[in-house]
Amino acid sequence: VQLQAFGGGLVQAGGSLRLSCAASGQILSSDYIGWFRQAPGKDREFVGSIDWSAGSTTYSEASEGRFVISSDNAENTVYLRMNSLKPEDTATYYCAVSTFRSTAASHYDYWGQGTLVTVSS
């Protein structure tokens with residue numbers, strides 16, 4: 001499976017942005033697609049994940065209530081809708097696949113190329 005995240009850009013604080021993660025190759029019904037982010041000088045941080053078959057989602061504390069993850073299985077695409085963005089959301093955002101639900105980056109394989117989100121104050 002190859003993943004590519006796109007849709008990043010510059011947005012003002014309080015604004016919204018939708019990222020996409022397009023997958024080529026087969027995503028198994030048992031897989032989870034996770035979103036992570038990494039700010040300069042910081043560790044990669046879990047944002048949220050979605051169960052590919054059930055559509056159930058898990059979010060970090062930082063993203064709960066502001067971010068929404070959804071999927072279009074027919075298009076092999078997962079979305080990350082980010083609302084009420086804050087300057088501290090500035091980071092490169094990545095998507096990845098895991099065979100089980102996890103918040104740990106080390107449990108994810110097939111990382112896509114990240115997309116940069118910059119939130120100005």
Side-chain angles (χ1 to χ4, degrees):
V1 176
Q2 289 187 324
L3 302 173
Q4 183 172 359
F6 57 93
L10 175 64
V11 62
Q12 286 190 329
S16 298
L17 205 59
R18 189 182 79 162
L19 306 183
S20 301
C21 173
S24 58
Q26 186 177 11
I27 300 176
L28 301 178
S29 60
S30 56
D31 286 340
Y32 291 79
I33 311 300
W35 283 97
F36 290 79
R37 65 186 184 186
Q38 188 166 19
K42 294 190 176 181
D43 292 336
R44 194 161 294 190
E45 175 189 16
F46 175 75
V47 173
S49 66
I50 186 166
D51 179 326
W52 184 247
S53 60
S56 57
T57 52
T58 302
Y59 298 96
S60 67
E61 272 192 38
S63 58
E64 182 79 57
R66 296 189 300 128
F67 294 2
V68 179
I69 298 174
S70 61
S71 66
D72 183 336
N73 294 37
E75 294 294 326
N76 256 21
T77 301
V78 173
Y79 302 99
L80 175 64
R81 174 72 178 183
M82 304 184 291
N83 301 310
S84 303
L85 283 162
K86 306 173 183 179
E88 50 263 44
D89 294 318
T90 295
T92 298
Y93 284 71
Y94 301 87
C95 55
V97 177
S98 175
T99 56
F100 57 96
R101 177 158 54 192
S102 175
T103 62
S106 60
H107 292 158
Y108 284 78
D109 304 308
Y110 308 111
W111 288 85
Q113 190 172 354
T115 184
L116 177 63
V117 173
T118 303
V119 184
S120 63
S121 57

Scan the side chains in residues 110-121 for donor-acceptor partners under 3.5 Å anywhere in the protein, sequence neighbours excluded, and list what turns up.
| residue | atom | partner | partner atom | Å |
| --- | --- | --- | --- | --- |
| W111 | NE1 | Y108 | O | 3.1 |
| T115 | OG1 | G8 | N | 2.9 |

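- Under the 4.5 Å side-chain heavy-atom criterion for Ile, Leu, Val, Met, Phe, Trp and Tyr, F46 and F67 are members of distinct hydrophobic clusters.
- Within 6.0 Å of atom CD in E88, more than 12 heavy atoms from other residues, nucleotides or ligands are found, so the atom counts as buried in its surroundings.
- Interatomic distance, R66 CZ to S84 OG, rounded to the nearest 0.5 Å: 7.0 Å.
- Taking the six-membered ring for Trp and the full ring otherwise, Y94 and F36 have centroids separated by 6.0 Å or more.
- Linking ILVMFWY residues whenever their side-chain heavy atoms come closer than 4.5 Å, directly or via other members, leaves V1 and F6 in distinct clusters.
- S102 contributes a side-chain N or O that, together with a main-chain N or O of A104, makes up a donor-acceptor pair within less than 3.5 Å.
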Query raised in the report: Hey, mind stepping through V97 and I33 against side chain to side chain contact (heavy atoms under 4.5 Å, CB included) and telling me if it holds?
Result: CA-CA 5 Å; V97 177; I33 311 300; 3.6 Å; yes

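- Cluster membership check: L17 shares its hydrophobic cluster with L80, using side-chain heavy-atom separations under 4.5 Å among Ile, Leu, Val, Met, Phe, Trp and Tyr.
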Query raised in the report: Checking side-chain hydrogen bond (donor to acceptor under 3.5 Å, both in side chains) for the pair T77/D72: CA distance, chi angles, key distance, verdict?
Result: CA-CA 5 Å; T77 301; D72 183 336; over 6 Å; no

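- Nearest approach of N83 to S16, heavy atoms of both residues: OD1-OG, 3.0 Å.
- With a 6.0 Å radius and a threshold of 12 heavy atoms from other residues, nucleotides or ligands, R101 has its CZ atom at or below the threshold.
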Query raised in the report: Passes side chain to side chain contact (heavy atoms under 4.5 Å, CB included), M82 versus Y93? Steps please.
Result: CA-CA 11 Å; M82 304 184 291; Y93 284 71; 3.7 Å; yes

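- Going from atom OG of S60 over to atom CD of E45 covers 6.0 Å, rounded to the nearest 0.5 Å.
- No donor-acceptor pair under 3.5 Å is formed between the side chain of D31 and the backbone N or O of F100.
- Taken to the nearest 0.5 Å, the CG atom of D51 stands 9.5 Å off from the OG1 atom of T57.
- One hydrophobic cluster, built from ILVMFWY side chains closer than 4.5 Å, holds both L85 and W35.
- Counting all heavy atoms, side chain and backbone alike, S98 lies closest to H107 at OG-O, 3.1 Å.
- Here the straight-line distance linking atom CZ of R37 with atom SG of C95 works out to 15.5 Å at 0.5 Å rounding.
- Note: the hydrophobic cluster containing L3 also contains I69 (ILVMFWY, side chain heavy atoms under 4.5 Å, direct or indirect links).
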